[in-house]
Number of protein chains: 2
Amino acid sequence: MTTIYDVSELAGVSLATVSRVMNKNANVSDKTRQKVVNAMEQLGYRPSAIAKGLASNRSSSVGVLISELHGPFYGSMMSAVEAELRKFDIHAIIAAGHSNAEKEAESIEFLLTRRCDALILWVESVPDRYLVELAKRDTPIVVLGRKIAKITKNCVSLNNEEGGYLAARYLLEQGHRKIAYISGPLWKGDTQDRLSGHKRALAEYGVKFNTKLHCEGDYREEGGFRGMTELLGLRNTFSAVVCGNDEMAAGAMTSARDAGLSIPEDLSVVGFDNLVYARYLYPKLSTINYPVREMAQMAARWVLKHVYKNQRLVATNIFEPELVARDSVQQFRR
Amino acid sequence: MTTIYDVSELAGVSLATVSRVMNKNANVSDKTRQKVVNAMEQLGYRPSAIAKGLASNRSSSVGVLISELHGPFYGSMMSAVEAELRKFDIHAIIAAGHSNAEKEAESIEFLLTRRCDALILWVESVPDRYLVELAKRDTPIVVLGRKIAKITKNCVSLNNEEGGYLAARYLLEQGHRKIAYISGPLWKGDTQDRLSGHKRALAEYGVKFNTKLHCEGDYREEGGFRGMTELLGLRNTFSAVVCGNDEMAAGAMTSARDAGLSIPEDLSVVGFDNLVYARYLYPKLSTINYPVREMAQMAARWVLKHVYKNQRLVATNIFEPELVARDSVQQFRR
DNA sequence: TTGAAAGCGATACCAC
DNA sequence: GTGGTATCGCTTTCAA
């Protein structure tokens with residue numbers, strides 16, 4: 001690898017001058033600049049981001065922590081963050097937390113070690129106080145998908161409670177009264193919030209939450225499949241099911257169909273997230289829109305503004321979910 | 001941020017010694033080691049990967065280039081690579097190429113700039129010769145999903161031709177003769193290979209490839225949707241369709257259903273990739289298995305072995321596809 | 001077993 | 001405008 005020294009030598013100028021032309025900075029005469037540019041070209045010079053980082057104390061990278069690298073939800077998130085940062089030549093260093101406190105903390109350590117200029121974190125397991133402490137250290141953080149009282153300005157989150165409410169209310173409005181619920185893991189904050197929204201809607205309609213109709217899933221297709229299988233096995237009767245997310249809805253629908261039910265004739269289904277593929281499921285899935293891309297973009301902009309001093313607009317911290325009615329829900333007919 | 005100097009001072013030892021304990025390296029007395037460890041603990045010391053990289057000329061990171069950060073296919077790839085590397089404390093720096101030659105080259109430059117120890121590349125647009133040249137430079141590369149004659153040892157790829165063949169043959173075996181084809185973008189290598197496999201199967205059965213039944217898609221749900229809509233609009237008759245990948249199959253099925261067709265009664269469908277969600281589509285999608293995870297893992301192992309000198313087993317460069325028969329294909333009945 | 005000191009490849013401040 | 005040089009936080013000989 002050729003270095004700045006090689007370039008300066010070939011161009012017959014000093015190190016400082018080469019540095020200047022790289023940073024399109026100060027005043028360099030056109031003639032000099034040209035000499036330098038030629039030398040760089042000729043040598044196939046690529047500046048070392050590592051050396052630059054050490055010298056400038058800025059790595060031009062932000063750490064992004066998400067639960068999994070695969071999966072449509074995190075994929076959209078990652079993609080949106082990367083796209084926004086890339087516009088300003090900032091790179092995302094991505095790590096997986098696997099919804100596990102230890103791994104999340106380990107990944108955060110890792111990103112810190114990498115000297116990221118800021119961290120964008122989707123963390124589910126690490127406790128609030130950990131994040132509050134982290135926020136006090138020298139690397140700025142923004143927490144995605146979670147609202148923490150003591151550091152609300154660093155949070156970008158969704159009103160999950162309202163989302164849970166909307167899903168249930170929609171079903172209630174259509175006349176459903178026996179509504180099953182396949183939730184995410186109960187230890188997760190968003191699961192809890194959606195569940196309480198769900199209960200609020202039921203209460204509004206004077207319907208009691210039936211724990212026999214509740215099943216804990218894992219936010220993945222398989223969990224939805226198993227949850228529905230279980231629900232069906234118990235010979236419970238219900239005309240509709242709300243799933244903690246779209247992936248589980250897909251699994252649940254498959255299970256229901258395996259059991260001979262037609263959707264939405266025999267069973268109405270509503271999901272949560274509004275993944276791209278929700279509209280390609282059959283029947284097209286009614287769901288709650290989760291504006292991940294916008295939220296991820298907002299997180300990136302927060303960093304751009306506060307860390308890199310780009311005057312990006314950062315408007316909201318807290319986003320609102322919306323009902324997306326498609327074909328998987330039918331009016332209840334007795 | 002506290003530095004190695006702070007630690008050495010507090011522990012009352014030299015820089016070198018601190019460095020030694022960090023690298024669990026040489027001979028350090030237990031007593032000294034303990035002093036250092038305590039000092040680190042007390043200061044909350046996190047070594048700078050940047051400084052380390054500069055000094056050691058190793059960044060402990062490998063660059064991973066994929067087309068998109070979202071999408072189930074690339075997601076699995078990324079995830080598998082990261083998981084394998086992480087076991088050895090190597091980090092993946094991920095960049096998107098967006099199936100565009102310029103952006104791919106730019107991303108490669110970027111990764112090189114970042115001084116990655118190796119590059120794992122899923123590139124679709126950049127020409128072969130570019131990669132051949134790149135392979136001559138000082139950063140080792142492994143090319144995923146593409147086979148390049150001059151650097152085959154650096155390639156991990158799938159036998160796409162065979163995959164295309166298997167999909168078509170399956171349909172032919174079931175008695176289908178009028179088979180539509182929604183391919184990926186024709187400029188892509190894998191599209192071409194799958195298509196020629198398709199034609200080979202047709203030829204074997206004495207069926208002529210009908211260009212009116214061929215439609216070019218984009219490997220995404222939307223392209224499949226549009227392709228099917230177009231195919232249907234032309235009032236062509238066909239009893240089956242093979243799609244370039246599962247995502248397009250999902251879109252195509254939605255479109256067919258919108259047009260009132262039942263699957264597989266009126267139309268059989270086969271995909272390609274065998275994404276996780278293929279079995280949660282309705283009807284469960286028959287498809288060709290693309291062992292992405294294994295391939296990605298193999299790429300990671302190649303790097304582990306050749307770059308980091310871990311004696312990982314690296315077996316195959318070229319993987320074989322397999323038919324996965326599920327419910328979306330039906331025997332042809334006239 | 002431990003320490004001193006020379007880099008690694010940039011940046012940035014200070015002179016000229 | 002341009003050059004000299006200290007510095008960033010580590011690794012890595014080489015001596016002691």
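Every chain is numbered from 1, with letters handed out A, B, ... down the list of sequences. What you see is a predicted model, and the numbers here were worked out from it, not measured in a lab.
- A donor and an acceptor atom, one from each side chain of A:S107 and B:R86, are located under 3.5 Å apart.
- Crowding of B:K188 atom NZ: a count of heavy atoms from other residues, nucleotides or ligands under 6.0 Å exceeding 12.
- In this structure, B:M22 reaches the sugar-phosphate backbone alone: every heavy-atom distance under 4.0 Å involves primed, P, OP1 or OP2 atoms, never a base.
- Of the residues in residues 31-62 of chain B, B:T32, B:L54, B:A55 come within less than 4.0 Å of DNA chain C through at least one heavy atom, sorted by number.
- We find that B:K103 and B:E106 are not joined by a salt bridge, their nearest charged nitrogen and carboxylate oxygen being 4.0 Å or further apart.
- B:D218 and B:R220 are joined by a salt bridge, as a carboxylate oxygen and a charged side-chain nitrogen come within less than 4.0 angstrom of each other.
- Classification of A:D128 and A:R146 as a salt-bridged pair holds, one side-chain N sitting under 4.0 Å from a carboxylate O.
- For the residue pair A:Y45/A:T3, the side-chain donor-acceptor check at 3.5 Å is not satisfied.
- Residue A:S29 places its side chain closer to D:dT2 than to any other of C:dT2, D:dT2, C:dA10.
- Between the side chain of B:R20 and the base of C:dG3, a donor-acceptor pair under 3.5 Å is found.
- For B:R115 and C:dG9, the CZ to P distance is 8 Å, given to the nearest whole Å.
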Could you pull out all donor-acceptor pairs under 3.5 Å where a side-chain atom in residues 63-81 of chain B meets a protein atom, sequence neighbours excluded?
from  : atom 1 : to     : atom 2 : distance (Å)
B:S67 : OG     : B:Y74  : OH     : 3.3
B:S67 : OG     : B:E124 : OE2    : 2.9
B:E68 : OE1    : B:H98  : ND1    : 3.0
B:E68 : OE2    : B:H98  : ND1    : 3.3
B:H70 : ND1    : A:S79  : OG     : 3.0
B:S76 : OG     : B:P72  : O      : 3.1
B:S79 : OG     : A:H70  : ND1    : 3.0

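- No option in A:N310, A:D117, A:V142 other than A:V142 meets the side-chain contact (heavy atoms from CB on, under 4.5 Å) test with A:V303.
- The CG-P distance, from A:N23 to C:dC13, rounds to 12 Å in whole Å.
- DNA chain C is contacted by B:V13, B:S14, B:A16, B:T17 of residues 7-19 of chain B, taking any non-hydrogen atom closer than 4.0 Å.
- Side-chain N/O atoms of B:Y308 and B:S60 include no donor and acceptor closer than 3.5 Å.
- Look at CE on B:M1: it is 11 Å from P on D:dC10, rounded to the nearest Å.
- Going from atom OH of A:Y5 over to atom P of D:dG3 covers 15 Å, rounded to whole Å.
- At D:dT2, none of the side-chain N or O atoms of A:N27 fall inside 4.0 Å of OP1 or OP2 (strictly under the cut-off).
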